[in-house]
Student: 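After the structure tokens below, expect a handful of questions from me.
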Amino acid sequence: MEPTDIPKAYDPKEWEDRLYRKWEGSGFFNPDTCIEKGVTKEDAEPFSILMPPPNVTGVLHLGHAMENSIMDVVARYHRMRGERTLFLPGADHAAVATQSRVEKNLVASGMTNPRQELGRERLLEKIRTFADESKDTIKKQVRAMGSSCDWSRFAYTFDDARVLAVNTMFKKMYDDGLIYKGYRVVNWSVKGQSTCSDDELEHIERPATLYTFRYSKDFPIPVATTRPETKLGDTAVAVHPEDPRYRDLIGRIFEIEIGAAKPLSIRIIGDEEVDPSFGTGAVGVTPAHSQTDFDIRERHPEINLVQVIGTDGKMTADAGPTYAGLTALEAREKFVAALREKGLLEKEEDITQNVGTSDRFGDVIEVVPMEQWFVAVNREIPGRDKSLKDLMREAVTSGLGGDGNRRVSIQPERFEKVYLRWIDNLRDWCISRQIWWGHRIPVWYKKPTTDNRQLTTDEEGEIEIYCGVEAPEGEGWEQDPDTLDTWFSSGLWTFSTLGWPDAETNDFKTFHPVTFMQMGYEIVFFWMARMILMTTYALDTIPFKTVYIHGILRDKDGRKFSKSLGNGIDPIDIGKEYGTDALRLALLSDVSPGNDSRFSTEKMETSRNFVNKLWNISRYVATMSTASVETPVPKSLSDRYILGRLSHIVNETAGHLSESRFSLAIETIRSFTVDDFADWYVEIHKVEKNDAVLQYVFDALLRLWHPFLPFVTEAINETRGNGGLLMVTHWPDISEDMDIDTETAFNELRLLVTKIRNLRATYRIDPIRRLTGSLAAKGIDLSESYPAVERLARIEIATSFDGSSAELIISDRLSASISLEGIIDIDAERARLAKELTEAEKYAKSLEAKLGNPSFAERAPEAVVAQTRSLLDETNAKAEELRGHLSSISS
RNA sequence: GCGCGCUUAGCUCAGUUGGUUAGAGCACCUCGUUUACACCGAGGGGGUCCAAGGUUCGAAUCCUUGAGCGCGCACCA
């Protein structure tokens with residue numbers, strides 16, 4: 001493109017789609033192609049990133065946009081560093097989330113009970129269609145974000161390869177006795193007709209009544225509850241074993257007629273967990289409908305379990321004829337009324353309680369006893385002498401087996417503590433769900449037959465059980481109707497995407513453990529923990545080396561984005577309006593690891609303006625210079641300065657990126673681009689015209705920015721006719737390319753720049769345009785020499801300024817003496833100089849005091865002392881200069 | 001209750017291992033703008049870094065205590 005054809009403003013719409021197609025068409029998103037085409041060396045270090053697969057429940061939101069920005073910055077950076085980089089995309093079938101979404105849609109369109117009305121197969125078909133559509137939408141959106149992921153390796157948690165991995169893992173754990181079917185209390189969503197894990201609960205506060213009552217008039221201990229109806233299923237009262245009030249009662253059994261199907265048989269038991277100082281010091285134990293009470297029964301197997309609430313949320317026959325069939329709430333009112341009538345109710349008080357609700361279906365969870373599948377986290381793994389919990393702990397502390405190379409590094413570190421604490425509280429993981437959308441449990445049952453290949457029988461010897469990767473042969477087998485918790489398949493993500501269970505594939509050998517993962521902190525337990533569990537168990541290694549935890553994105557008022565608040569922002573819309581680069585920049589600026597950040601249109605404007613600035617720098621470079629890029633020869637101090645600075649910030653940026661300090665990396669490049677390059681060097685170039693350095697530095701800048709701003713940098717690269725794709729050019733490695741004493745140049749020129757900047761501040765003759773304007777008014781025509789004036793005035797004015805006029809020396813051709821009267825307000829100037837002088841003297845004094853302190857000289861590092869000393873010299877010199885100016889101005 | 005985080009300019013936030021006179025963006029004020037860029041430029045004002053103690057030659061940074069806000073986990077019946 002000819003320089004004159006380049007539009008003044010960057011228009012992302014003109015570029016983004018086409019550039020993405022160009023990248024994708026080049027094949028360079030695929031690391032194999034990079035090697036084939038010689039962009040990456042065969043023996044290059046592998047670098048892998050896995051996309052946390054978005055749920056196929058609809059469209060991506062800004063949080064996804066932020067994640068994609070983070071991952072793509074990392075991927076592009078490492079690809080440009082010449083590493084064998086794989087950024088693998090995917091999608092998650094998101095079992096409950098997707099099914100509940102589709103059911104909601106079906107209900108909205110007129111169905112009352114989709115599961116009944118459609119049946120398993122037809123409902124699954126509907127969900128599959130929906131999921132496929134979402135998957136396509138997601139792929140489009142990820143492309144729109146500019147993500148450089150390898151689409152040929154796209155993985156879906158519910159495709160054939162992943163099903164194989166899931167079944168293989170299930171069977172392995174089953175054979176090792178780590179997956180078991182057990183009768184335990186579980187969290188049950190009546191609305192969703194399914195279990196959910198502890199982590200899927202959302203606790204909400206709500207008002208409730210705490211009732212204190214006695215089972216009967218002569219029952220010795222009152223108990224309290226917020227769920228009186230469950231008391232129909234009480235089988236014990238627990239007290240602290242040392243509690244003098246109740247100690248003697250332990251072991252006694254009370255038979256109580258209270259309206260349940262059978263009289264309650266309440267045994268008084270002693271349990272250390274009971275807090276004698278709380279309430280009545282006694283707990284009515286309902287093993288069937290409380291997790292803690294069920295645990296008490298594990299310690300006291302002698303007590304019974306009576307289920308009084310069913311999976312339909314209604315009272316069971318065991319609750320007695322008065323209550324059976326009523327909802328829990330109806331039963332509560334009736335039961336409380338009965339207690340009151342019999343004079344058993346001693347106290348009612350209003351309290352607030354926390355209850356668990358299903359995060360997907362929204363209803364309050366009912367705790368019921370059921371037979372479900374569990375992963376045993378405390379059981380010893382055969383042949384390993386350790387439990388899953390142990391492995392999960394080791395993986396982030398000492399490293400697996402004490403091997404530091406097999407240790408997951410969590411950034412920021414504080415999430416380690418959060419994770420470890422969670423592990424301490426971890427119970428066996430309930431993995432079976434009664435919804436239909438998901439991996440079917442690979443277990444089949446049938447009555448005993450003579451065919452007993454690989455068969456095990458359950459305890460009662462009645463039903464044969466077969467667990468296998470594929471259905472067993474033979475007649476009469478019926479598969480377990482349940483499906484797996486969606487996190488079971490997500491837990492395998494780092495290796496199921498790379499070919500496992502075939503551990504010999506190139507991808508697996510090359511890219512596992514994954515180098516870099518990122519995720520929001522809200523998903524650490526769900527996902528990170530499960531990946532660590534699965535990988536350490538099955539592969540005896542860690543799933544990933546580094547995981548970067550980020551916060552959640554909030555709106556400009558600090559609220560979470562949510563549908564109900566109506567404050568959602570579609571990243572694609574905003575990307576279209578401001579440009580995807582601007583969006584990426586806005587999402588990564590000013591954020592620190594692990595902390596929430598806010599999003600606003602102001603940020604978008606700032607970012608868009610910056611992108612446009614970069615575009616216009618390129619216009620200058622294109623219009624003011626015709627030289628092609630070559631190894632630049634620094635000719636002046638300015639050249640050495642800019643090259644030295646460049647090399648400095650290249651290293652600094654690399655440091656930030658290697659530690660995932662995205663915001664600081666951006667700030668580093670941004671300030672170099674604006675403060676050093678655009679404001680300073682470009683102006684210098686107008687005089688010195690060292691095109692080679694200008695080109696060289698600008699091309700380096702483009703490459704530094706590319707990971708963050710892939711579109712505009714690639715677009716500029718195209719207009720510059722550099723040829724090739726910026727995406728696969730090497731990230732700048734200045735210290736190797738350039739033979740420059742950067743340290744010296746840097747120091748010399750920083751002094752010069754500082755001096756000039758001080759001059760600008762001191763004499764307020766910036767912009768120079770104003771000065772030349774004034775000169776013109778005085779009959780000095782400098783229009784032709786403008787650039788020279790602009791630059792030299794900055795320097796020369798300083799040395800010859802006497803307070804009221806200045807001697808301008810413009811190269812060796814032209815010099816002029818001008819009065820500064822009218823340009824500078826002399827009185828104001830005097831006041832300002834005096835103020836500055838006072839400040840400088842004060843500062844000098846404080847530095848002297850510091851240096852005079854013997855402890856400082858003794859203890860501070862030499863570099864700091866030297867720095868302080870030179871600082872003092874500089875300050876003294878500055879003060880002297882100010883004094884001179886002040887006296888000349890006064891005379 | 002236990003744990004974690006946050007508190008820095010009017011607003012939103014950076015500040016890696018303690019070390020130049022604490023930074024940015026936005027907002028505000030002044031000046032400028034046919035010149036790569038008004039999606040613009042040059043300047044400026046504005047901060048007892050939540051409080052109090054401590055460690056140190058030196059603290060926004062480390063320690064202790066407290067306050068306010070937010071979050072997570074567990075919930076005591």
Side-chain angles (χ1 to χ4, degrees), chain A residues 3 6 8-10 198-199 203 210 212 223-227 237-238 273-275 277-286 290-293 353-354 356 414-415 417-418 421-422 424-425 521-522 524-525 551-552 556 558 578 582 589-592 594-600 602-603 605-624 655-656 659 661 663-664 666-667 670-671 678-679 682 686 760-761 764-770 773 786-787 790 839-840 842-843 846-847 850 853-861 863-865 867-868 870-871 874-875:
Chain A
I6 304 174
K8 278 196 166 191
Y10 170 64
D198 296 339
D199 302 302
H203 292 275
L210 182 66
T212 307
V223 293
T225 182
T226 53
R227 300 279 319 262
V237 166
E273 295 291 303
V274 178
D275 177 0
S277 64
F278 185 87
T280 62
V283 186
V285 181
T286 323
S290 153
Q291 182 68 60
T292 45
D293 293 1
Q353 67 168 171
N354 272 329
R414 66 185 156 91
F415 286 100
K417 268 185 271 175
V418 180
R421 192 181 146 75
W422 178 81
D424 290 340
N425 295 324
Y521 58 68
E522 77 279 5
V524 164
F525 305 140
I552 58 172
K556 67 174 169 39
Y578 293 94
S589 301
D590 283 354
V591 299
S592 47
N595 292 331
D596 294 352
S597 56
R598 299 194 192 195
F599 184 84
S600 62
E602 285 77 21
K603 264 191 180 178
E605 279 168 20
T606 306
S607 305
R608 183 250 274 135
N609 293 354
F610 176 77
V611 168
N612 193 58
K613 174 108 191 156
L614 192 62
W615 176 258
N616 273 293
I617 296 173
S618 87
R619 289 184 68 226
Y620 173 80
V621 175
T623 54
M624 302 297 282
H656 288 319
E659 300 290 325
R661 296 188 294 257
S663 172
L664 288 175
I666 288 172
E667 187 45 36
R670 201 198 59 78
S671 87
D679 290 356
V682 163
K686 288 171 182 172
R760 287 168 157 181
R764 297 195 178 186
I765 48 172
D766 213 318
I768 301 305
R769 283 165 199 162
R770 187 177 155 198
Y786 167 75
E790 174 167 26
E839 275 170 20
K842 201 169 127 197
Y843 182 47
S846 81
L847 289 173
K850 196 172 181 181
N853 184 341
S855 317
F856 176 73
E858 220 170 279
R859 304 253 189 121
V864 174
V865 176
Q867 196 178 31
T868 310
S870 75
L871 204 56
E874 276 173 41
T875 311

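Atom set for the values below is all heavy atoms of this structure, side chains included, hydrogens, waters and symmetry mates excluded. We name chains A, B, ... by the order of the sequence lines, and we start the count at 1 in each one.
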Student: With a 4.0 Å cutoff (strictly under), does any side-chain N or O of K8(A) reach OP1 or OP2 of C37(B)?
Tutor: yes

Student: Could you tell me whether E667(A) and R670(A) make a salt bridge, using a distance below 4.0 angstrom between a side-chain N and a carboxylate O?
Tutor: yes

Student: Looking at CG of N609(A) and CG of L614(A), how far apart are the two atoms once the value is rounded to the nearest 0.5 Å?
Tutor: 13.0 Å

Student: On a heavy-atom basis, which atom in K556(A) and which in R598(A) lie closest, and how many Å separate them?
Tutor: O-NH1, 3.3 Å

Student: Between G3(B) and U65(B), how far apart are the two P atoms, rounded to whole Å?
Tutor: 11 Å

Student: Rounded to whole angstrom, note down the C1' distance from G25(B) over to G15(B).
Tutor: 15 Å

Student: Give me the distance, rounded to whole Å, that separates U35(B) from C40(B) when you measure between the C1' atoms they each carry.
Tutor: 12 Å

Student: Taking C6(B) as the reference, what is the distance to C63(B) when you measure between their P atoms (whole Å, please)?
Tutor: 12 Å

Student: Does U7(B) have a Watson-Crick or wobble mate here (both distances under 3.5 Å), and if so which one?
Tutor: A67(B)

Student: Expressed as a whole number of Å, how far does the C1' atom of A24(B) sit from that of C62(B)?
Tutor: 26 Å

Student: Name the residue closer to the 5' end of RNA chain B, choosing between E602(A) and A678(A) according to the nucleotide with the nearest heavy atom.
Tutor: E602(A)

Student: Using atom P in both nucleotides, what's the gap between A59(B) and U20(B) to the nearest angstrom?
Tutor: 12 Å

Student: Can you tell me the pairing partner of G47(B) across any strand shown, Watson-Crick or G-U wobble, with both distances under 3.5 angstrom?
Tutor: none

Student: Rounding to an integer number of angstrom, what distance separates U8(B) and A51(B) when you compare their C1' atoms?
Tutor: 15 Å

Student: With C1' as the reference atom in both, quote the distance from A14(B) to U55(B) in angstrom, rounded to an integer.
Tutor: 27 Å

Student: Considering only side-chain heavy atoms of T606(A), which listed nucleotide, G25(B), C40(B), U20(B), is closest?
Tutor: G25(B)

Student: Taking the side chain as every heavy atom from C-beta outward, state whether V591(A) and F599(A) have any pair of such atoms under 4.5 Å apart.
Tutor: no

Student: Considering only side-chain heavy atoms of K417(A), which listed nucleotide, G5(B), G25(B), C40(B), is closest?
Tutor: G5(B)

Student: Taking all non-hydrogen atoms of both residues, which atom of N612(A) and which atom of Y10(A) are closest, and how far apart?
Tutor: OD1-N, 2.9 Å

Student: Can you check each nucleotide of nucleotides 6-19 of chain B against protein heavy atoms at under 4.0 Å and return B for base, S for sugar-phosphate only, - for none, in 5' to 3' order?
Tutor: ------SSSSB--B

Student: Base, sugar-phosphate alone, or nothing: which one does A857(A) contact when heavy atoms must sit under 4.0 Å apart?
Tutor: nothing

Student: Can you give one letter per nucleotide of nucleotides 72-77 of chain B, 5' to 3': B if a protein heavy atom sits under 4.0 Å from the base, S if only from the sugar-phosphate, - if neither?
Tutor: BBBBBB

